[in-house]
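Notes follow the structure.
All figures in this text were calculated on a predicted structure; none of them were measured in a lab. The figures that follow rest on heavy atoms only: side chains count, while hydrogens, waters and symmetry mates do not.
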Amino acid sequence: MKTIRNPHIPLAVYRELAAHLRQIEGVSVKFLQPIDRSFSYLGSQLDGLEISGIDRLQPEDSTRLDLILKYYLDRYNSVTN
């Protein structure tokens, strides 16, 4: 399992990332609700994404996942663990 968190990624971008990741067979994505429920236009409205199923991927799907994550992580300087 992998978690991605960045307080500056907009909700729409999290949804876009989730849509890309869900195209990989076996990958599941869960939106993590924010701890602080106060609304901010500058905040992301999500605490992050939890990505599961990555430990069972075929090598080509694992490479595809890595490329998708690299694009978003580089673009938004996100934290992953």
| query | What's the spacing between D74 CG and L69 CG if we round to 0.5 Å? | reply | 10.5 Å

| message | In the structure I gave you, are the side-chain heavy atoms of L32 and R5 within less than 4.5 Å of one another anywhere? | response | yes

| message | Is there a continuous path of hydrophobic side-chain contacts, each under 4.5 Å between heavy atoms, that joins L65 to Y71? | response | yes

| field | Residue pair Y76 / P10: nearest heavy atoms and the distance that separates them | value | CE2-CD, 4.2 Å

| Within-4.5 Å side-chain heavy-atom neighbours: D47 and Q33 | no

| field | 4.5 Å side-chain heavy-atom contact, L17 and I4 | value | yes

Would you tabulate the side-chain donor-acceptor contacts of residues 20-31 under 3.5 Å, counting partners in other chains and residues two or more places apart, or write 'none'?
residue	atom	partner	partner atom	Å
H20	ND1	E16	O	3.3
H20	ND1	Y72	OH	3.1
R22	NH2	V29	O	2.9

| field | Rounded distance [0.5 Å steps], CG in L73 versus NZ in K70 | value | 9.0 Å

| message | Run the side chain to side chain contact (heavy atoms under 4.5 Å, CB included) test against S62 and tell me which residues pass, sequence neighbours left out. | response | L57, D66

| I9 CD1 to R15 CZ distance, which is reported to the nearest 0.5 Å | 14.0 Å

| Taking the side chain as C-beta and beyond, is there a heavy-atom pair between T3 and I51 under 4.5 Å? | no

